Amino acid sequence: MPSHACIDPQDQYAQAEVLVTFETMADGVRLVSAHDAFDNDILPELEHFQRRALESEIIDDYRHPRGSGPTTGS
């Protein structure tokens, strides 16, 4: 399952990251988990708009031509 480092939507200063595991779907991505620096899955705590921000960040980077798209987890 692919994973991607995203800005932590709970960090008001946008300095922390979360490692988001996701599945690609025809209409976008489905978030599976979002692990913070302490390896806690914060996905269940996120509000809808925060989840949408993670989805948008993944989609934007995945489609960006510089090729820095998501990494594959083990």
Side-chain angles (χ1 to χ4, degrees):
M1 205 170 295
S3 59
H4 187 75
C6 294
I7 295 170
D8 185 340
Q10 295 179 326
D11 179 11
Q12 65 182 353
Y13 301 109
Q15 295 175 340
E17 291 186 337
V18 292
L19 184 62
V20 180
T21 304
F22 63 95
E23 295 177 340
T24 56
M25 303 176 72
D27 60 345
V29 297
R30 182 182 78 80
L31 304 179
V32 176
S33 65
H35 289 265
D36 65 12
F38 302 104
D39 202 29
N40 297 317
D41 185 2
I42 64 166
L43 188 61
E45 303 168 12
L46 299 180
E47 296 182 29
H48 179 71
F49 76 94
Q50 292 171 314
R51 289 171 180 247
R52 295 291 299 160
L54 290 175
E55 292 168 357
S56 293
E57 187 175 342
I58 291 167
I59 290 168
D60 288 348
D61 197 54
Y62 195 59
R63 293 181 179 163
H64 197 275
R66 64 188 155 109
S68 64
T71 58
T72 2
S74 47

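Computed from a predicted model, the values in this text were never measured in an experiment.
The CE atom of Met1 sits 10.0 Å away from the OG1 atom of Thr24 when rounded to the nearest 0.5 Å. Note: Glu57 CD to Glu17 CD = 8.0 Å, rounded to the nearest 0.5 Å. The structure places CG of Asp8 at 13.0 Å from NE2 of His35, a figure rounded to the nearest 0.5 Å.
His4 and Phe22 make their closest contact through CB-CE2, 3.9 Å (heavy atoms, listed as atom of the first residue, atom of the second, distance). Closest of all the heavy-atom pairs between Gln50 and Leu46 is OE1-CA, 3.4 Å. Closest approach of Leu19 and Ala5 over heavy atoms only: CD1-N, 3.9 Å. Nearest approach of Val29 to Ile58, heavy atoms of both residues: CG1-CG2, 4.1 Å. Arg51 and Leu43 get closest at one heavy-atom pair: NH2-O, 2.9 Å. Between Cys6 and Val20, the shortest heavy-atom contact is SG-CG2, 3.9 Å.
Tyr62 and Ile7 are not part of a single hydrophobic cluster, where members link through side-chain heavy atoms under 4.5 Å apart.
A donor-acceptor distance shorter than 3.5 angstrom exists from the side chain of Asp41 to the backbone of Ala34, with no hydrogens or angles considered. With hydrogens and angles disregarded, a donor-acceptor distance shorter than 3.5 Å links the side chain of Asp11 to the backbone of Ala16. In this structure a side-chain-to-backbone donor-acceptor pair under 3.5 Å is missing from Asn40 to Ile42.
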